[in-house]
Each structure stands twice: as C-alpha cells, then as structure tokens.
Amino acid sequence: MARLAQTAGLTDIQQEILSTVRDFVDKEILPVATELEHRDEYPQQIVDGLKELGLFGLMIPEEYGGLGESLLTYALCVEEIARGWMSVSGIINTHFIVAYMLKQHGTQEQKDHFLPRMAAGDIRGAFSMSEPALGSDVSAITSKAVKDGEEYVLNGQKMWLTNGGTSSLVAVLVKSDEGHPEGTAPHKSMTTFLVEKEPGFGEIRPGLTIPGKIDKMGYKGVDTTELIMDGLRIPADRVLGGATGRGFYQMMDGVEVGRVNVAARGCGVAQRAFELGVRYAQQRHTFGKPIAQHQAIQFKLAEMATKVEAAHAMMVNAARKKDSGERNDLEAGMAKYLASEHCKEVVEDAFRIHGGYGFSKEYEIERLYREAPMLLIGEGTAEIQKMIIGRRLLEEYRFQG
C-alpha cells in the first residue's frame, strides 16, 4: 500500500513543493526538534531555511512576490512541517492568517506596503483576539480604540499571542465605538488594527509592551506572549480595510484559515505518532516475538492508521472548499474537531505502545504527548467547533413543519 494520508488530484507543482518540504523536514527539522524543544529554543536556523524555500510567501499572490498557491497546498505543507515539529508550523500559521486577512480585506495601500515584505519573510505576522478573561467569547473583548484626530489610541491587554516576540506585524482586534452608537451589536463595533513593531520583549514601542514568553507544557520554541497596550497610537490608515466595525468578520474569515491549519497540524502530529508507534512495535520484543505480532498491538495500529486517514481526508475537504470560494465554516469546524481529537488519541496509543520508554525524554513520543493537547484548544475548543457545526447543520436541515 501507499503511505498513509496521500492526496489525490495534486498538480505536478504541488507535488514538487510537498516533496521539497518533506525532504526539508526529514533533514533539517526531525534531527534537532526534540533537543530544541527541550531547551525551549526558537528554531532560527529552521525558520531561515523556510524563508529560503519561499514558504513565507506560499499563499501570497505572485504580484506581491509570493508563490500564489492555494490553501490546500499550504495545509499539506503544514501537515508535513507539523510531522517534524508542531511549533514550527505555528510560526508560519499566524503569519499566513495575517497575510490572508490583508489579501482579502486590506486596502490597496496596505497590500502594497506589507505583502511583498511578508512574502520575502522580512515581515513576520501575528494576530491577536484573545484576552486574559475572554476565553471563547470574542464578543466580550474589552480592549478599546478611541479616535484622536488622525490617530487611534489603543488600550487593553491581549493574551495567547503566538509569535508575540518574534513578529513585526500584529493584527489586533479591539472595540471601537467611533461611528457605532450605544446599543450596537458587539460584533459590529470591533475593528482590526495593523500594529507594526520591532521584534523583541519589553516596551518595544511607546505604549506597547510584550512582557516575555509564557512558560508552557508543550508547544515550546515558538514564543507565546501577552500584549499590553497603554496609550498606543496607531495611524488611521492602519485600520484593516480602511473602515471601523469590520474587525470581527475579518478575524473570523482568518480563523477559518487557521482552523484548517490546526487540522493540518493535528494530521501531521498524528502521522508522526503513527510512524513512531509502528516502528517501535516492530523493534520491541516480548514473549519471544516483536510486539507488532501481538493482536492487541495490531488492533491499535489499525485504529491509529484509520484515524490518520479520516482526519487527513476531512482536512483536505475543508481546504478545497475554502479554495473554491464557498463558505467552509462547517467543514473547517469538523476538520479541526476531528483532527485534534484523533491526534490526541493516536499520540496516546503510540505512547502506550512505547510502554515505560514513552515516559522517557529520550524518546520522541514524549514530546508529542505534551504537544497534542494544544490542538484541542487552539483556534477554538472542541465545544466551540461543535456549536459551529450544530448551528450550520440546523441551517442546512431546517425542518419545515
């Protein structure tokens, strides 16, 4: 049989891109991932390699110096990268959400200013919705922008900002009452601001502080931070799209891309866990034979492989739906939900196959076991995905009594 998680109908260019990325993962990421992860070290050499490959411009149109590839191509690349080390896929995910939002919703001046440098990897993107007391209720954000002449003054605290320290452009969602009278629905009084900054920590520009990295159980290497705005002044021409009140819709459009990305990450981590499990099962002997010959282990491998295939198929379907220009919140929600849950289960089964050795930091599965839980909550929890899925199903299957 062919390797798991193959994708039918790819062009020669897509296959060439994926082959290049797979080789890069095998040669440049897998040999160093666990060591860097244990040190919580930013993978600068790997990021530089991705830049040389042109991956920071993968989905950015050719007119802005990018490769102009589809979301499907991007998702399949993310799947390969996450197979090597999930943190690296996180570095490019937020970058592409911001690039996608600029491409879809930015003014021409904003596109011309940012996208060529984003395609080259000279500007790295991050986006920020969450706040310390927010959770999944985006409409309850308290960060605020107030108009002051030709500028806006931003105040508030944001949380869980991936690439907060290393990024140089952050798309920040805040409330903006200007032009939106009292009583306006919360989601209609939100605005996305494009905040330019220097990489680093501390007060990196007047009114903007990145306190430092949040210490995490897994998903190490990539920097996850807070973002504190205290009188941060932003020019009016850095409102995404040039008009206030559209931020919620812009962010949700970007999050759909992010959910396909998280699904792809789940697929990649699950694939790696399966590879580790099936290899160890053939190397480890008990009762005079490889444990792979025990029926109980074969059942586990069968279940793991089936979950890998199912998650991959749903992720590909969601990406293709988005590429077609159709609404894909249902498919993206299903793919993100299934892939993250299956990833957790496949990783745990691989961990069980390793027995006591899976608990040792000498074995790669230990790292995957700490990384998989992040996918359960990133870009919306399982419960949020179920709400999205349930509402869309009721729209499609509305009973006419």
Side-chain angles (χ1 to χ4, degrees), residues 42-44 46-47 50-51 55-60 66 71 74-75 77-79 81-82 85-106 110 114-115 117-131 134 138 143 158-174 192-201 204 208 210 213-214 216 218-227 240 247 250-266 268 319 322 332 336 340 371 374-375 377-380:
Y42 186 79
Q44 187 60 58
I46 293 173
V47 171
L50 294 175
K51 183 178 176 180
L55 284 191
F56 283 100
L58 188 62
M59 278 181 66
I60 294 174
L71 177 59
Y74 167 60
C77 288
V78 166
E79 184 179 39
I81 292 169
W85 185 12
M86 192 180 75
S87 292
V88 178
S89 65
I91 291 170
I92 62 174
N93 177 38
T94 55
H95 175 83
F96 271 108
I97 290 177
V98 177
Y100 174 82
M101 289 168 62
L102 274 163
K103 181 183 74 169
Q104 295 295 109
H105 306 288
Q110 290 168 351
F114 290 113
L115 288 180
R117 288 184 291 163
M118 293 186 79
D122 296 330
I123 288 181
R124 308 276 172 78
F127 82 110
S128 180
M129 290 193 300
S130 189
E131 296 181 1
L134 188 60
V138 179
S143 298
K158 310 298 281 188
M159 191 68 173
W160 306 119
L161 179 62
T162 301
N163 293 327
T166 49
S167 60
S168 45
L169 175 66
V170 185
V172 180
L173 184 67
V174 300
T192 302
F193 285 86
L194 302 170
V195 178
E196 298 171 84
K197 69 178 188 65
E198 292 296 321
F201 298 96
I204 50 179
L208 180 63
I210 304 291
K213 294 199 298 184
I214 298 170
K216 300 164 293 186
Y219 198 41
K220 294 180 179 288
V222 60
D223 47 299
T224 305
T225 74
E226 297 176 73
L227 181 147
L240 179 62
Q250 295 164 346
M251 281 281 179
M252 290 304 105
D253 191 21
V255 165
E256 284 185 12
V257 172
R259 285 180 178 146
V260 173
N261 171 284
V262 172
R265 282 195 256 181
K322 187 76 170 177
K336 191 275 175 186
S340 58
E371 290 179 337
M374 197 286 291
L375 298 172
I377 54 177
E379 312 294 10

Ring pair (Phe, Tyr, Trp, His ring centres under 6.0 Å) partners of [X], counting only residues at least two apart:
{"X": "Y100", "result": "none"}
{"X": "F127", "result": "none"}
{"X": "F114", "result": "none"}

Measure the spacing between [atom1] of [X] and [atom2] of [Y] and express it to the nearest 0.5 Å.
{"X": "L227", "Y": "M159", "atom1": "CG", "atom2": "CE", "answer": "11.5 Å"}
{"X": "I204", "Y": "S168", "atom1": "CD1", "atom2": "OG", "answer": "10.0 Å"}
{"X": "R259", "Y": "I97", "atom1": "CZ", "atom2": "CD1", "answer": "10.0 Å"}
{"X": "H95", "Y": "M59", "atom1": "NE2", "atom2": "CE", "answer": "11.0 Å"}
{"X": "L169", "Y": "L194", "atom1": "CG", "atom2": "CG", "answer": "5.5 Å"}
{"X": "L55", "Y": "I91", "atom1": "CG", "atom2": "CD1", "answer": "12.5 Å"}

Checking [X] now: which residues fulfil salt bridge (charged side-chain N to carboxylate O under 4.0 Å, His left out) with it, not counting sequence neighbours?
{"X": "K213", "answer": "D40"}
{"X": "K216", "answer": "none"}
{"X": "K158", "answer": "E131"}

For residues [X] and [Y], determine if any side-chain heavy atom of one lies less than 4.5 Å from a side-chain heavy atom of the other.
{"X": "L161", "Y": "T224", "result": "no"}
{"X": "F56", "Y": "V47", "result": "yes"}
{"X": "H105", "Y": "D253", "result": "yes"}
{"X": "N261", "Y": "V257", "result": "no"}

Which atom names give the shortest non-hydrogen contact between [X] and [Y], and what distance separates them?
{"X": "I60", "Y": "L115", "result": "CD1-O, 3.9 Å"}
{"X": "V260", "Y": "A332", "result": "CG2-CB, 4.2 Å"}
{"X": "C77", "Y": "L58", "result": "SG-CD2, 3.9 Å"}
{"X": "V88", "Y": "P43", "result": "CG2-CG, 4.2 Å"}

All side chain to side chain donor-acceptor pair (under 3.5 Å) counterparts of [X], not counting sequence neighbours:
{"X": "Y219", "answer": "R265"}
{"X": "T162", "answer": "none"}
{"X": "E371", "answer": "W85, R367"}
{"X": "S89", "answer": "none"}

Hey, is E379 close enough to K336 for a salt bridge, meaning N to O under 4.0 Å?
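No salt bridge links E379 with K336.
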Please name all residues satisfying side-chain contact (heavy atoms from CB on, under 4.5 Å) with I377, sequence neighbours left out, ordered by chain then number.
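I377 satisfies side-chain contact (heavy atoms from CB on, under 4.5 Å) with T381 once adjacent residues are dropped.
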All side-chain contact (heavy atoms from CB on, under 4.5 Å) counterparts of T192, not counting sequence neighbours:
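By the side-chain contact (heavy atoms from CB on, under 4.5 Å) rule, T192 matches M101, A171, L173, L240, Q250, M251.
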Short side-chain to backbone donor-acceptor contact, [X] and [Y], under 3.5 Å:
{"X": "D122", "Y": "R117", "answer": "no"}
{"X": "D223", "Y": "T166", "answer": "yes"}
{"X": "S87", "Y": "K220", "answer": "yes"}
{"X": "S167", "Y": "G125", "answer": "no"}

Kindly determine whether T94 and V98 satisfy side chain to side chain contact (heavy atoms under 4.5 Å, CB included), including the steps that lead there.
CA-CA 6 Å; T94 55; V98 177; 5.6 Å; no
Assign the ring pair Y74 / F96 to parallel, tilted or perpendicular, where the plane angle (0 to 90°) is split at 30° and 60°.
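Correct class here is tilted.
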